Amino acid sequence: MMETITHTGALLQKKQPTPGYILFYLLFSPETWRVLFGILASYFLTPLIAAGNMPVSSRLLLHIMLAAIGFAGSGLPARWIAHLAKQAVLGNKRPGK
């Protein structure tokens with residue numbers, strides 16, 4: 001177990017994260033969905049925009065730019081999907097509710 005000392009000097013025990021915890025953290029995080037939207041936007045839109053004679057370095061830059069735009073533009077849908085995932089899996093047993 002990992003130990004952490006708080007600002008008051010108390011010693012806390014931290015548990016190691018399990019694969020299930022990591023999976024649910026990724027599922028419930030809006031950032032995961034934003035990254036996924038960015039990757040999908042890059043994958044599907046780059047072939048539509050890129051010219052046929054475009055060099056590989058230019059295509060790579062276009063992929064990166066479209067992934068960043070997809071990430072930036074998907075904030076609201078990502079939060080909505082994460083909220084729906086929390087409701088579907090946890091229901092009314094969510095902490096803080």
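Please read all numbers here as calculations on a predicted model, not as lab measurements. Both backbone and side-chain heavy atoms feed into the values below; hydrogens, waters and symmetry mates do not.
Taking both residues in full, the closest heavy atoms of A41 and G70 are given as CB-CA, 4.2 Å, listed atom of the first, atom of the second, then distance. Nearest heavy-atom pair, P77 versus G73, reported as atom, atom and distance to 0.1 Å: CD-O, 4.4 Å. In plain terms, the two heavy atoms of R34 and A78 that are nearest each other are CG-CB, 3.4 Å. The two residues T32 and L26 make their nearest non-hydrogen contact at OG1-O, 3.0 Å. Heavy atoms only, all atoms of each residue included: S42 and P47 are closest at O-CD, 4.3 Å. For M54 against L62, the heavy-atom pair with the smallest separation is SD-CD2, 4.3 Å.
Relative ring orientation between F28 and F24 is described as tilted, the plane-to-plane angle lying within the 30° to 60° band.
Taking hydrophobic clusters as Ile, Leu, Val, Met, Phe, Trp and Tyr residues chained together by side-chain heavy-atom distances below 4.5 Å, L61 shares a cluster with L48. Both L27 and I81 belong to a common hydrophobic cluster when Ile, Leu, Val, Met, Phe, Trp and Tyr are linked at side-chain heavy-atom distances under 4.5 angstrom. No chain of hydrophobic side-chain contacts below 4.5 Å, direct or via other Ile, Leu, Val, Met, Phe, Trp or Tyr residues, connects L23 to V89. Transitive grouping of hydrophobic side chains (ILVMFWY, heavy atoms separated by less than 4.5 Å) keeps I64 and F44 in distinct clusters. The hydrophobic cluster containing L40 does not contain L76, counting ILVMFWY residues as joined when their side-chain heavy atoms lie under 4.5 angstrom apart, directly or transitively.
Put simply, the side chain of I49 reaches to within 4.5 Å of the side chain of L66, judged on heavy atoms. The side-chain heavy atoms of F71 and E31, taken from C-beta on, include a pair separated by under 4.5 Å.
The OH atom of Y43 lies 9.5 Å from the NE2 atom of H63; values are rounded to the nearest 0.5 Å. The line from CG of L45 to CE of M65 is 12.0 Å long, rounded to the nearest 0.5 Å.
For S29 (side chain) and Y25 (main-chain N/O), no donor-acceptor pair under 3.5 Å exists by modelled atom type. A donor-acceptor contact shorter than 3.5 Å links the side chain of T18 to the backbone of Y21.
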